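Keep in mind that what you see is a predicted model, and the values were worked out from it rather than measured.
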Amino acid sequence: MALLTPLLAFLYHLPQVYKWLLKPYYVASLFMSVAFLAVRKTPGICDHLASQREDGNSCDFDWREVEILMFLSAIVMMKNRRAITVEQHVGNIILFSKVANVLLFFRLDVRMGLLYLTLCIVFLMTCKPPLYMGPEYIKYFSDRTIGDELDGDGRVTWIVEFFANWSPECQSFASVYADLSLKYNCAGLKFGKVDVGRYGDVSKTYKVSTSPLSKQLPSLVLFQGGKEVMRRPQVDKKGRAVSWSFTEENIIREFNLNELYLKAKKLHKPRGERIGQSQFPPVPEEEEPQESESKKDK
């Protein structure tokens with residue numbers, strides 16, 4: 001059963017994974033992830049490579065290469081236990097496959113290692129993961145509009161995501177946040193996003209660190225009446241973010257979205273709908289008395 005569940009989950013998401021892999025970013029990442037395997041297994045190339053195997057077969061992995069691959073596979077499995085989306089699973093596999101390739105190429109030949117590392121740096125600087133482009137009910141703020149929107153109507157509750165486009169965690173969370181906005185957005189409960197990687201003043205105002213080593217991206221903050229009520233992940237007294245999993249279930253529970261949604265719907269019901277639900281029946285309008293036929297004849 002332990003093996004059957006991940007297999008069924010993979011088969012369920014297979015059409016979506018196949019669609020992602022057709023995008024240029026993932027196609028290039030896939031080729032870079034299997035680069036060492038291709039070099040080690042391709043006849044005519046592997047014949048000229050060094051090997052520490054006892055049989056001298058340079059077209060197969062030696063014991064040290066197998067050890068490196070097994071170690072990094074274990075790290076991928078540990079990282080994927082905390083992954084919340086398929087994008088994160090695929091991203092972890094690609095990331096640690098590249099790390100394994102760097103180690104293996106440097107061990108094989110320093111020149112090949114430097115060449116592969118240079119290709120990875122160029123790829124990182126020129127190619128970005130595709131952004132989420134699905135349906136959503138989210139308002140995007142700038143440094144000029146976020147304050148006015150949060151302070152505009154005190155009856156409106158805002159859930160705002162502070163994100164950065166360069167952050168893999170923010171990119172993976174985009175689809176989860178979009179689904180929440182489709183389920184819970186209403187007149188009294190709204191969802192917003194602001195790119196703190198672009199607007200540095202916003203990150204300082206709302207105390208969201210944009211450091212690559214920071215664990216504050218993404219950050220979800222709940223505002224009521226223009227004031228912050230809660231945020232996840234929490235930040236301790238030393239300014240360090242407490243680890244928190246951005247799953248849909250965690251967000252619904254921690255931010256109490258079901259209750260917020262019901263309260264927001266009640267506060268912003270149309271006037272006609274409120275009257276219709278009143279415990280008192282509507283008073284019928286009095287009809288004007290009609291003149292009798294005898295008076296008309298006179």
Side-chain angles (χ1 to χ4, degrees), residues 20 23-26 28-29 79 82-92 94-96 98-99 120-151 158-181 185 190-223 226 228-236 238-248 250-251 254-255:
W20 291 332
K23 295 181 179 180
Y25 172 83
Y26 291 108
S29 296
K79 291 287 291 183
R82 300 185 60 185
I84 58 176
T85 62
V86 179
E87 294 99 320
Q88 280 186 309
H89 285 280
V90 175
N92 287 334
I94 290 173
L95 173 62
F96 287 100
K98 291 178 182 178
V99 173
C120 288
I121 294 174
V122 172
F123 180 80
L124 181 64
M125 296 177 63
T126 57
C127 299
K128 300 296 181 183
L131 299 177
Y132 176 78
M133 299 300 291
E136 59 184 22
Y137 284 133
I138 299 173
K139 186 160 188 176
Y140 287 78
F141 300 133
S142 67
D143 53 346
R144 297 181 180 179
T145 61
I146 182 170
D148 295 337
E149 288 289 345
L150 296 179
D151 297 332
W158 281 96
I159 298 178
V160 180
E161 178 196 355
F162 295 86
F163 74 103
N165 279 326
W166 50 261
S167 169
E169 290 78 11
C170 294
Q171 294 167 358
S172 301
F173 180 61
S175 59
V176 177
Y177 192 58
D179 289 340
L180 288 171
S181 71
N185 181 79
K190 296 183 179 181
F191 292 76
K193 293 181 74 169
V194 58
D195 187 353
V196 290
R198 180 180 179 184
Y199 304 110
D201 292 339
V202 176
S203 66
K204 295 177 182 178
T205 302
Y206 295 94
K207 299 178 181 179
V208 178
S209 174
T210 56
S211 169
L213 301 177
S214 171
K215 295 183 179 180
Q216 293 188 39
L217 293 176
S219 282
L220 279 185
V221 183
L222 177 68
F223 294 93
E228 178 180 333
V229 176
M230 65 174 294
R231 73 165 61 197
R232 292 291 184 274
Q234 293 177 314
V235 180
D236 59 21
K238 296 182 179 180
R240 296 175 299 187
V242 180
S243 181
W244 194 71
S245 180
F246 281 86
T247 62
E248 184 172 323
N250 279 353
I251 296 169
E254 292 289 321
F255 287 84

What are the two closest non-hydrogen atoms of [X] and [Y], and how far apart are they?
X      : Y      : value
Ala28  : Phe123 : CB-CE1, 3.5 Å
Thr210 : Gly197 : CG2-N, 4.5 Å
Pro135 : Ala178 : O-CB, 3.7 Å
Ser209 : Leu217 : O-CG, 3.8 Å
Lys98  : Ser29  : NZ-OG, 3.8 Å
Gly226 : Asp151 : CA-OD1, 3.4 Å

>> Between Gln171 and Asn165 (side chain of the first, backbone of the second, donor and acceptor by atom type, cut-off under 3.5 Å), is there such a pair?
In response: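 Yes, the answer is positive, given that a donor and an acceptor are paired below the 3.5 Å cut-off.
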> Sub-3.5 Å donor-acceptor pair from the side chain of Gln234 to the main-chain atoms of Val242, do we have one?
Replying inline: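 The answer is no, because no donor-acceptor pair under 3.5 Å joins these two groups.
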State the [atom1]-[atom2] distance between [X] and [Y], to the nearest 0.5 angstrom.
X      : Y      : atom1 : atom2 : answer
Thr126 : Tyr25  : OG1   : OH    : 10.5 Å
Ser245 : Glu254 : OG    : CD    : 11.0 Å
Tyr140 : Glu149 : OH    : CD    : 15.0 Å
Phe173 : Ser219 : CZ    : OG    : 10.0 Å
Phe246 : Ser172 : CZ    : OG    : 12.0 Å
Tyr177 : Leu220 : OH    : CG    : 6.0 Å

Would you mind reporting whether [Y] and [X] have side-chain heavy atoms less than 4.5 Å apart?
X      : Y      : result
Trp244 : Ile251 : yes
Val221 : Val208 : no
Leu222 : Trp158 : no

> Do other residues, nucleotides or ligands put more than 12 heavy atoms under 6.0 Å from Tyr137 OH?
Replying inline: no
>> As a quick check of understanding, evaluate side-chain contact (heavy atoms from CB on, under 4.5 Å) for Thr247 and Val176, giving each step before the final call.
In response: CA-CA 7 Å; Thr247 62; Val176 177; over 6 Å; no
> After noting the C-alpha distance and the side-chain angles of Leu180 and Glu248, does the key distance pass the side-chain contact (heavy atoms from CB on, under 4.5 Å) rule?
Replying inline: CA-CA 7 Å; Leu180 288 171; Glu248 184 172 323; 3.5 Å; yes
>> Run Ile146 and Thr205 through side-chain contact (heavy atoms from CB on, under 4.5 Å) and show every step you take.
In response: CA-CA 11 Å; Ile146 182 170; Thr205 302; over 6 Å; no
> In this structure, which one of Phe162, Tyr199, Phe141 forms a ring pair (Phe, Tyr, Trp, His ring centres under 6.0 Å) with Tyr206?
Replying inline: Phe162
> Just one of Arg232, Arg231, Lys193 clears the salt bridge (charged side-chain N to carboxylate O under 4.0 Å, His left out) bar with Glu161, so which one?
Replying inline: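 When Arg232, Arg231, Lys193 are each tested with Glu161, the salt bridge (charged side-chain N to carboxylate O under 4.0 Å, His left out) holds only for Lys193.
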